[in-house]
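In what follows, a single structure is set out as structure tokens and then discussed.
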Amino acid sequence: MVSRPLSTDPGRGGLPDRTVGGLRLMLIASFLSVWGMSGTVLTAGVIRHDRSDTLYRQLGAQAQYASVGALKTNLYLGSSTLLSPMWVLTAAHVIDDPATSSVVLNIGGTSQNNGTNYSAESWIIHPQWNGNVRSGYDLALVRLATPVSGIVPATRFHGADERGLIGTSVGYGRTGTGLTGDTGGAGTRRAGHNMIDAFGDQLVTTGPPGLRYSDNLFIADFDHPDEPSLNRPWSPSAVPLDLEYLPAPGDSGGGVFVDVAGGSLVAGVTSFGQTLSGSVEFKYGDAYGAVRISVFNTWIDDNITVGWVSAGSGDFHDASRWSGGQIPMGGDILGFNVAGSSTVGFEQNTWAHALLHREGQVTLELGGNSVELTSNMIESGITVGKYAGEQASLAIHNGTLAGHNVSIAALPGSSGSIAVADGGVLLVSDHLHIGGSAMGLGGTAVLTVAPGARLEVDGRLKIYDSGAVNLEGGAIQVGIIENNASQPLTLAAGSLAFDQIEGSLINPGGTVVPGRIEGTPATATISGDYQQHGQGRLKISLAGEEPGVEHDLLDVGGTVSLAGTLHLTLDEAYSPAILTTHDVVTHNGMTGRFDHLEGVLVNPQLALAVTYEVSSVRVTVALPGDANLDGLVDDDDLASVQAGLGTPTAANWSDGDFNGDGRVGLRDAFALSANYSSTAAPLSAPIPEPASTTVLLLGAWLVTGRSRRRAPEHSHV
């Protein structure tokens, strides 16, 4: 049964007052003629009688609700929520009057008059809206003629159940208290809280189906602080919230926000007020209904994106390739939702608000150009694979794709992948989510970085349970890596510069650099274990004594298993004293040793001795030849070298390997002879040269001792 308007009362705000099965409904919008001439204080929503109105105004003025604007037609005042720079979401009944000839968004202020006006270009009413709010289709989208600037659009709630969450309703409607009802005029943004109690199908549980409400709606009642008997039977609590609130005429189309995933997400669109009997007066005991955005997210995405119309190759700036025959502009969302393979070519740098890739295989052939997605919303500006059943893959070739947040397989049941290929660059100024999004766990996702590619993530790279990362080459710079997958992160090739890894790292063939910027000393932490294999490398920069500030430090919370190469770089401006120590790797247990050391022998009188301590790998500034690191090159060191001479592999500094090649040979003996009888001194002081006779005797003795041990092996020299 379809309800029809029974009356309109301009003195009450010009709202259709509808009776359905003994219940009274009122659409929450106001006639323009009323709010435009009202002399009352312009506020919005009905508040508790025992709370200051200032608190509700201050809540409405908070930054997280700046996306809510006043929506003014030539007939009505309503409210709306900005979803992108080009689109706002509102209630269908605000704009579906045949006499509606103009729609204007006023946003950025605290009232409907002190923000910036943006004219509407067109609007879309949900195709199943029939004028009956019980059906749960009271939704409309409005496209603006010019993009909104300076306002961060709202991120939508994508969860499955809003019940039990605290909803914050924001709008520009009429005001009053729970005792008086909506006695004041409309026009100022304010907000208040209410627990989301039930879905619409719990509002009327008996009688003909035509009298019931859709579960496309959620419902909340306005609790009286002193009369719990007014609480509805479907409400789990009769205790009002501190800023309990009920939307009123003029709030229609405004957003209802919930705080989840570390942010405020818009979950509902305010639709109607409801009472048990009599007229809807917006007093204690009354309730309001809102359309659940989570039910309509795919419909919203289908309409607010500018879509690539068919699979195949084409140029980005060819208007015929896009829905509506219009090349996307800076405020638009690029949409790819076509099965099959598509290649998009670029002849110049391009800007857009966001990229939403839901289906198919898309290759961006950038031709040396860049595509920048400017969205800084909680919801990712680049999404590859979003809804359950969708499969999407994106390849980046020969150019740069940049965005604030990136999600691969954002929601459960989806599948997505990003491949950064040779010549491709992916720049992420905030976070990269693999197998999920900022809102939580998603689907199956893969990120691949190929040789010759580059990935930079300023914030967190989060790998969810069903996510995987293939680091096959290229250069990767990232702040924090959070690995929740069952497999440790593996650096097969390329370089990885990072600040923190939550998990373990295996390095069979890549280069690890502590800190996001190579050459700038930093501490890199690994909460789990670190394994470096024979082809792996660790690069350490030394520019001072303070770990993590003046020299690199790899701090491993678990154990380390070492092999491969340690590369050391001593800053030219750093002149440490002999025997100055630097712990460059700290750990809770170690097996193995580095096979090769690079940068150990700085010059004939200066070396960087690498030793393996109980809980660290230590680099000590030393005289070449000082095997026992006592500051003196003497017979004790000579004995160490003689004992180790000819050692084919796995030799260390204490064995006499002074050049870091993993063996003790004549080059190490010559390094010792060059500094024989030298003692530790500041680098600025001259180091005495041994007498020529001593050098000759030492060399002969070394060779004689070596020949007694084994035949010369020139490959060891």
Side-chain angles (χ1 to χ4, degrees), residues 155-160 260-263 265 294 297-298 300-302 305 307-308 333-342 354-364 373 375 377-396 401 403-421 424 426-428 430-450 453 455 457 459-472 476 478 480-490 502-503:
T155 292
R156 288 170 279 147
F157 178 76
H158 286 80
V260 295
L265 312 181
S294 60
N297 273 317
T298 56
I300 292 170
D301 282 332
D302 288 342
T305 56
W308 189 256
I333 301 173
L334 311 179
F336 296 96
N337 193 20
V338 180
S341 299
S342 299
L355 185 153
L356 176 56
H357 178 20
R358 294 167 53 187
E359 190 69 51
Q361 300 83 44
V362 174
T363 299
L364 302 182
L373 290 315
S375 170
M377 301 162 57
I378 299 173
E379 186 173 1
S380 293
I382 301 172
T383 302
V384 180
K386 185 173 183 180
Y387 297 107
E390 295 179 344
Q391 298 182 352
S393 63
L394 179 70
I396 305 167
L401 179 65
H404 289 273
N405 287 296
V406 178
S407 292
I408 309 175
L411 298 176
S414 63
S415 176
S417 67
I418 293 180
V420 190
L426 177 60
L427 302 181
V428 185
D430 288 318
H431 308 306
L432 170 56
H433 302 272
I434 304 171
S437 69
M439 279 72 79
L441 183 67
T444 303
V446 178
L447 170 69
T448 300
V449 182
L455 170 67
V457 182
R460 182 179 292 265
L461 188 160
K462 184 170 184 177
I463 309 168
Y464 288 84
D465 296 355
S466 297
V469 176
N470 297 327
L471 303 180
E472 299 175 351
I476 302 102
V478 62
I480 300 173
I481 300 175
E482 178 185 347
N483 186 11
N484 298 294
S486 59
Q487 298 297 320
L489 184 67
T490 299
E502 297 174 7

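In this chain, residues are counted from 1 in sequence order.
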How long is the straight-line distance from [atom2] of [Y] back to [atom1] of [X], given to the nearest 0.5 Å?
X	Y	atom1	atom2	result
Asn405	Asp430	CG	CG	4.5 Å
Trp308	Asn337	CH2	CG	14.5 Å
Ile408	His357	CD1	NE2	11.0 Å
His433	Lys462	NE2	NZ	7.5 Å
Leu461	Leu432	CG	CG	4.5 Å
His404	Met377	NE2	CE	12.0 Å

Sequence-distant partners of [X], side-chain contact (heavy atoms from CB on, under 4.5 Å), two or more places apart:
X	value
Thr444	Ser466
Ala485	Ile463, Asn483
Val338	Ala311
Gln361	Ser341, Ser393

For residues 382-392, dump all side-chain donor-acceptor pairs below 3.5 Å to protein atoms at least two apart in sequence or in another chain.
{"unit_1": "Lys386", "atom_1": "NZ", "unit_2": "His158", "atom_2": "NE2", "d": "3.2"}
{"unit_1": "Lys386", "atom_1": "NZ", "unit_2": "Asp301", "atom_2": "OD2", "d": "2.8"}
{"unit_1": "Lys386", "atom_1": "NZ", "unit_2": "Glu379", "atom_2": "OE2", "d": "3.1"}
{"unit_1": "Tyr387", "atom_1": "OH", "unit_2": "Asn297", "atom_2": "O", "d": "3.3"}
{"unit_1": "Tyr387", "atom_1": "OH", "unit_2": "Asp301", "atom_2": "OD2", "d": "2.5"}
{"unit_1": "Glu390", "atom_1": "OE1", "unit_2": "Lys386", "atom_2": "N", "d": "3.4"}
{"unit_1": "Glu390", "atom_1": "OE1", "unit_2": "Tyr387", "atom_2": "N", "d": "2.9"}
{"unit_1": "Glu390", "atom_1": "OE2", "unit_2": "Arg358", "atom_2": "NE", "d": "2.8"}
{"unit_1": "Glu390", "atom_1": "OE2", "unit_2": "Arg358", "atom_2": "NH2", "d": "3.0"}

Note to self: Show the nearest heavy-atom pair for residues Ala421 and Ala450, with the distance to one decimal.
What the structure shows: CA-CB, 4.1 Å
Item checked: Shortest non-hydrogen separation from Gly435 to Ala445 and the atoms involved -> N-CB, 3.2 Å
Check: Can you list the residues that meet the side-chain hydrogen bond (donor to acceptor under 3.5 Å, both in side chains) rule with Ser380, with sequence neighbours excluded?
Finding: Ser407
Next item on the list: State which residues pass salt bridge (charged side-chain N to carboxylate O under 4.0 Å, His left out) with Glu472; sequence neighbours excluded, sorted by chain then number.
Entry: none
Show me, pair by pair, the donor-acceptor contacts under 3.5 angstrom made by side chains of residues 410-420, not counting sequence neighbours?
{"unit_1": "Ser414", "atom_1": "OG", "unit_2": "Leu411", "atom_2": "O", "d": "2.6"}

Note to self: The test is side chain to side chain contact (heavy atoms under 4.5 Å, CB included); show your working for Leu356 and Leu334 and say whether it passes.
What the structure shows: CA-CA 6 Å; Leu356 176 56; Leu334 311 179; over 6 Å; no
Check: Which residue pairs satisfy the salt bridge (Lys or Arg N to Asp or Glu O under 4.0 Å) criterion with at least one member in residues 435-446, sequence neighbours excluded?
Finding: none
Item checked: Side chain to side chain, Arg156 and Leu265, heavy atoms closer than 4.5 Å -> no
Notebook entry, point to check: Tell me, do Leu364 and Leu394 make a side-chain contact under 4.5 Å, heavy atoms counted?
Noted result: yes
Next item on the list: Please check if the side chain of Thr305 supplies one atom and the backbone of Gly307 the other of a donor-acceptor pair under 3.5 Å.
Entry: no
Item checked: From Val406, Leu426, Val478, residue fulfilling side chain to side chain contact (heavy atoms under 4.5 Å, CB included) relative to Val457 -> Val478
Note to self: What verdict does the side chain to side chain contact (heavy atoms under 4.5 Å, CB included) test give for Val469 and Ile434, after you've listed the backbone C-alpha separation in whole Å, the side-chain angles of each residue and the deciding distance to 0.1 Å?
What the structure shows: CA-CA 8 Å; Val469 176; Ile434 304 171; 3.4 Å; yes
Note to self: Evaluate Leu401 against Leu427 for side chain to side chain contact (heavy atoms under 4.5 Å, CB included), listing each step before the verdict.
What the structure shows: CA-CA 6 Å; Leu401 179 65; Leu427 302 181; over 6 Å; no
Note to self: Working note: Ile378 + Met439, criterion side chain to side chain contact (heavy atoms under 4.5 Å, CB included); need CA distance, chi angles, decisive distance, verdict.
What the structure shows: CA-CA 8 Å; Ile378 299 173; Met439 279 72 79; 4.3 Å; yes
